[in-house]
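Notes follow the structure.
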There are 2 protein chains.
Amino acid sequence: MINITLPDGSVRQYESGVSAMDIAKSISEGLARKVLAAKVNGEVWDASRPITADASLKLLTWDDTDGKSTFWHSSAHLMAEAVESLFPGVKFWVGPALDKGFYYDMDLGDRKITEEDLVAIEKKMAELAKQNNVYIRKEMPKKEAVEYFTEKGDEYKLDLLQNLEDGKITFYSQGGFTDLCRGPHIPATGAIKAIKLTNIAGAYWKGDEKNKQLTRLYGVTFPNQKELDEYIVMLEEAKKRDHRKLGKELGIFTIDDDIGQGLILWMPNGTIIIEELEKLAKETESAAGYKRVVTPHIAKEKLYLTSGHLPYYADSMYPPMEMDGTKYYLKAMNCPHHHKIFDAEPRSYKDLPLRLAEYGTCYRYEQSGELFGLMRVRCLHMNDAHIYCSKEQFAQEFKAVNEMYLKYFKIFGVDKFVMRLSLHDPAKRGQKYIDEPELWEETETMVRKVLIETGTPFVEVHDEAAFYGPKIDVQIWSVIGREFTLATNQVDFAQGRRFNLHYTKSDNTTDTPLIIHRAPLGTHERFIGFLLEHYAGKFPVWLAPLQVKILPISDKFIPYSQEVMAKLVKAGVRVEIDERGEKIGKKIREAELSRVPYMLVIGEKEMNEGKLSVRRQGKGDTGSLSTEEFINNIKEEIAERKA
Amino acid sequence: MINITLPDGSVRQYESGVSAMDIAKSISEGLARKVLAAKVNGEVWDASRPITADASLKLLTWDDTDGKSTFWHSSAHLMAEAVESLFPGVKFWVGPALDKGFYYDMDLGDRKITEEDLVAIEKKMAELAKQNNVYIRKEMPKKEAVEYFTEKGDEYKLDLLQNLEDGKITFYSQGGFTDLCRGPHIPATGAIKAIKLTNIAGAYWKGDEKNKQLTRLYGVTFPNQKELDEYIVMLEEAKKRDHRKLGKELGIFTIDDDIGQGLILWMPNGTIIIEELEKLAKETESAAGYKRVVTPHIAKEKLYLTSGHLPYYADSMYPPMEMDGTKYYLKAMNCPHHHKIFDAEPRSYKDLPLRLAEYGTCYRYEQSGELFGLMRVRCLHMNDAHIYCSKEQFAQEFKAVNEMYLKYFKIFGVDKFVMRLSLHDPAKRGQKYIDEPELWEETETMVRKVLIETGTPFVEVHDEAAFYGPKIDVQIWSVIGREFTLATNQVDFAQGRRFNLHYTKSDNTTDTPLIIHRAPLGTHERFIGFLLEHYAGKFPVWLAPLQVKILPISDKFIPYSQEVMAKLVKAGVRVEIDERGEKIGKKIREAELSRVPYMLVIGEKEMNEGKLSVRRQGKGDTGSLSTEEFINNIKEEIAERKA
């Protein structure tokens with residue numbers, strides 16, 4: 001008999017050779033129907049694979065990220081089966097799961113795949129799925145595998161085999177299709193109920209443009225039609241809200257190849273949003289007792305050797321500048337600079353907690369192929385801060401940071417979010433994790449406690465903590481249901497020691513502070529990218545680059561419009577007049593399209609009565625107000641940062 | 001006869017061979033007594049040197065920068081004469097004039113110069129000065145000069161001779177001293193009335209630490225004792241106000257060798273000053289119709305080849321980072337980035353003037369030996385903006401910029417300033433200067449007109465314009481009379497074309513905008529360094545990192561003090577309470593030393609009457625006010641940025 005430990009800590013005994021699916025059935029048939037794969041000792045396995053020793057087990061369903069990945073990888077095999085049956089002789093390279101969906105790279109010889117072909121492939125996939133063919137895993141000696149593909153004349157799979165170790169080579173088959181594959185897969189094709197092939201693209205073999213161009217087919221599948229339908233609606237909405245399209249239309253940002261890819265130039269409208277976000281952060285942080293600092297964007301190599309970022313993190317940093325016999329690096333993170341400010345003066349317990357905040361600009365190297373609008377960039381303006389505190393102060397500080405996150409979510413109307421709490425593996429202390437059993441125990445317990453007490457939705461992830469402490473990744477969903485990883489919130493026992501940071505305690509002994517790294521608003525780049533999609537460019541008034549557009553019905557009303565404008569400017573409102581000689585209908589239409597929140601129409605009646613005819617973007621005429629009433633209303637709306 | 005053109009444009013005729021001194025005498029004996037040297041065709045000459053062709057002439061006195069330089073260089077020769085008479089066998093390297101004073105590098109063998117020696121040298125100099133020895137210029141063939149110094153065994157002067165061209169070698173003698181020297185010099189030693197040797201330092205020969213260390217003697221001289229006395233007082237005051245000392249004491253900034261020399265880390269108090277200055281700049285610029293942008297700190301080599309900064313300016317830039325087969329440079333100026341933002345959208349005459357502002361951070365390479373506190377740094381936060389305008393808009397825009405400078409000087413109590421207008425030399429158009437005769441004529445005339453009309457003190461400097469247009473350097477004096485070069489204001493005809501910038505005119509043709517580069521508040525580094533000296537760290541309330549310190553007389557008054565503090569915080573005032581159990585006298589003394597502008601003493605009487613006992617830093621008790629009265633007063637003082 002073997003002991004199987006379930007996620008809730010309970011232990012069940014089974015015969016050796018039992019599969020995850022057997023175990024699921026032993027719990028409930030309903031559960032078994034949902035099982036897609038299983039996590040055995042932290043590794044994702046086929047649900048049918050025999051377990052022959054004591055193990056921890058987590059059954060994976062569509063609700064688990066790993067469950068979805070397995071589902072999509074199996075869908076890639078299903079697509080390959082369909083393609084092979086329609087286009088015999090096709091050769092396959094690799095077919096991984098993506099964050100959402102999957103693709104498969106294939107060599108179709110001279111054949112070009114068309115949109116019509118996609119429909120045929122989808123249809124064939126649905127037909128094959130209905131057959132509910134089982135995914136069968138088979139181990140094979142390397143020699144035999146090489147012979148198989150040599151005979152088949154498949155140079156792609158032979159290439160893959162070169163890098164595989166004998167004894168670890170597996171094949172998977174379903175229906176009439178067999179592929180070299182590490183797995184795992186879902187039990188059978190029948191689970192794939194809804195299929196959509198989304199894109200055809202070219203992809204150089206191994207990403208090298210000197211190699212042959214393969215065809216890459218993208219798709220996404222679901223366990224039911226409803227989820228696919230929702231996904232398609234979301235995709236269409238996301239396309240309309242594409243932050244690159246809106247960013248250009250609204251004058252938010254630009255990228256110039258003479259300056260460099262991934263380096264955002266913030267245009268005047270984008271800069272207004274940046275300044276409003278920084279104002280929010282500064283007000284919030286000032287009220288929470290943070291102090292601000294400003295640090296340079298470069299430092300000597302030595303600093304990053306002390307922090308441990310070099311050599312480990314070198315690939316993610318820009319290459320060094322060599323000067324005066326020293327290497328200087330663009331900073332990829334602000335922490336070491338802040339540690340130096342902590343260290344610039346003698347510190348006592350009276351100075352703690354010391355909270356140093358900076359909208360610091362960091363530079364990170366991302367492959368040019370990975371760069372994407374504001375989402376993947378090389379220059380990041382980060383809402384950064386480091387909190388230096390004693391162990392006793394830690395829980396309170398961490399809680400305050402958590403509350404700050406929640407406060408921001410409320411302001412931005414983020415209703416769906418989850419904190420992903422990454423914990424360490426006690427067995428890996430001293431290697432993957434700093435060897436401080438008590439601090440791990442204390443902080444993990446405390447962090448979990450804060451999340452529970454504040455009713456914050458969170459998931460726990462085993463063995464994914466940072467080297468120096470537990471880590472929280474914050475994931476949020478935009479109003480159309482797309483997921484964004486916003487920011488991290490980390491506990492750090494290690495950097496304080498590496499930088500030899502000290503403070504004097506009340507008993508005159510010294511201690512090293514704990515450090516909390518936090519960035520609730522993430523980076524301007526990613527956050528404004530998120531906001532563009534979230535608001536579809538229709539920013540709330542406090543964030544809108546232009547808040548009010550005055551629309552005089554004719555030239556005659558320009559002087560009065562200017563009087564109104566002067567009052568608005570004095571009240572700190574961002575306002576313009578449309579003085580063109582256009583018809584009012586056209587002025588309104590264009591103002592609506594530009595997404596300005598308020599339009600003030602001024603004609604004979606308004607001028608005579610000293611009133612404004614107020615229109616709200618997307619809502620039409622909202623009535624008539626005096627200038628003073630309108631100013632009071634909009635000032636309140638701005639001050640309270642209303643949605 | 002030759003024609004001599006004087007600065008006022010008048011032309012006088014003299015015999016060929018006339019000297020500047022002869023001409024001065026022909027005008028007035030009084031003037032002649034003041035003449036130290038002369039500018040002949042833009043080159044500084046001895047006043048006694050014969051002029052043998054038509055020339056422009058400017059007589060130089062102590063009031064001219066070049067007059068002072070000549071005076072100090074002659075003083076270096078006088079010091080050398082004194083040293084040689086006291087320490088025979090001394091060998092001299094070079095002895096240039098400085099911005100204030102002069103030095104001479106010398107090899108004294110094993111002899112070390114002491115403070116007592118300085119007194120003896122000063123005394124000897126005064127004695128030699130009284131002899132009123134004439135400085136005599138003598139041309140000498142290179143061969144003869146080499147023989148002279150070979151015989152004398154002077155390897156230093158032989159080294160200098162190597163790089164001099166035969167036919168251009170001159171010697172100067174006064175009294176018993178002769179030196180290889182390019183000149184020019186003042187007429188005679190008698191003009192040097194007041195002498196102070198200020199410092200002894202070591203200096204490696206040619207600045208190379210592998211070479212022998214020479215002795216460098218620093219001194220300063222004046223045409224009268226009064227100016228020397230004032231200078232010594234100023235030096236002592238400047239020492240007390242040293243921005244490096246105050247910067248550390250007040251927690252303004254720090255420098256850390258692990259990050260790098262010349263890279264300022266702004267501490268919390270310095271960051272408050274930065275944010276107040278940026279707030280002032282943003283308000284002022286917003287009211288003046290500027291739009292803000294944010295740009296990255298790096299760009300590809302190509303951008304700087306387009307701008308022309310590379311290869312010309314490469315030595316002043318950080319070395320490149322090589323990545324993806326491209327060189328990236330840290331930006332040394334913001335202009336090219338702003339040009340790219342101008343160019344990111346199609347522009348029409350309706351968009352002009354477009355004023356793009358950014359507190360941009362630039363990186364410049366300065367030799368490590370040149371770095372000095374906040375004054376010479378490698379990372380600069382610049383109050384930058386670029387104004388893109390048509391020729392017709394230029395005068396108005398330039399005037400507005402000039403007014404902005406004056407507005408700032410008023411806020412900061414800068415009473416003494418001068419704008420140094422650098423003009424081009426028409427003969428050098430097409431080489432040193434862009435070949436646009438009309439634009440030079442127009443803009444120089446217009447810039448001069450604005451300066452005259454606004455009553456701005458300025459001097460004109462011939463042949464020192466930028467390549468692309470006339471340039472104004474702004475020099476200001478701190479309250480103790482030290483001079484700082486603050487910022488430049490430049491007109492640019494060239495960059496618009498280099499970047500191929502265009503706008504559509506009202507007639508649908510296109511044109512290239514003129515560009516004004518301006519930075520009235522200079523860089524945070526230099527400006528805050530200036531302010532530290534100017535205010536001796538006693539910042540006006542609006543700039544003070546801490547504005548109010550509440551001093552309860554005993555623990556009993558802490559709760560009431562906290563109530564007062566809460567009201568002040570709500571009013572946006574930066575305030576702290578001294579809650580220590582110290583005597584009130586000590587609390588006041590320490591608060592005074594920390595330079596906090598207001599101290600509020602709270603005891604029995606204050607609490608019972610609901611009043612505050614208000615102390616102003618350096619002025620003692622200023623009476624009793626209610627909390628509301630005090631808040632109204634300080635809010636007004638802050639809002640109006642009172643001195």
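If you're wondering where the values come from, they're calculated on a predicted model, not measured in any experiment.
Atom CG in A/Asp256 sits 9.5 Å away from atom CD1 in B/Ile341 (nearest 0.5 Å). Atom CG of B/Asn269 is separated from atom NZ of A/Lys291 by 7.5 Å, given to the nearest 0.5 angstrom. Rounded to the nearest 0.5 Å, atoms CE (A/Met267) and OG1 (B/Thr295) are 12.5 Å apart. Taking CD1 of B/Ile259 as the reference point, atom NZ of A/Lys340 lies at 6.5 Å (rounded to 0.5 Å).
Within residues 280-289 of chain B, the residues having any heavy atom under 4.5 Å from a heavy atom of chain A are, by residue number, B/Lys282. Contact annotation for residues 349-361 of chain B against chain A (heavy-atom separation below 4.5 Å, listed by residue number): B/Leu356, B/Thr361.
Residue contact with chain A, scored on non-hydrogen atoms closer than 4.5 Å, is absent for B/Phe253. Using a 4.5 Å cut-off between heavy atoms, B/Ile298 contacts chain A through both its backbone and its side chain. For a residue to count as touching a neighbouring chain, one of its non-hydrogen atoms must lie under 4.5 Å from one of that chain's; by this rule B/Pro320 touches chain A with the backbone only. For B/Ile264, the part sitting under 4.5 Å from any heavy atom of chain A is the backbone (N, CA, C, O) and nothing else. Residue A/Gln367: no heavy atom, backbone or side chain, is found under 4.5 Å from chain B. Residue B/His381 touches chain A through its side chain alone, counting heavy-atom pairs closer than 4.5 Å. Only the backbone of B/Glu322 comes within contact range of chain A, judged by heavy atoms closer than 4.5 Å.
Taking 4.5 Å as the limit, some side-chain heavy atom of B/His297 sits within range of a side-chain heavy atom of A/Tyr363.
The two residues B/Pro319 and A/Met321 come nearest to each other via the heavy atoms O-CG, 3.2 Å.
Between B/Arg498 and A/Asp258 there is no salt bridge, since none of the side-chain N atoms of the basic residue sits less than 4.0 Å from a carboxylate O of the acidic one. Residues A/Lys300 and B/Asp257 are paired through a salt bridge, judged by an N-O separation under 4.0 Å between the basic side chain and the carboxylate.
Taking the six-membered ring where tryptophan is involved, the planes of B/Tyr328 and A/Tyr318 are perpendicular, since the angle between them exceeds 60° and thus also 30°.
In this structure B/Leu310 satisfies the side-chain contact (heavy atoms from CB on, under 4.5 Å) test together with B/Glu301, B/Tyr304, B/Leu305, B/Ala314, B/Met317, B/Tyr329, sequence neighbours excluded. Annotation: ring-ring contact (aromatic ring centres under 6.0 Å, His included) contacts of B/Tyr388 (sequence neighbours excluded): B/His339, B/Phe342.
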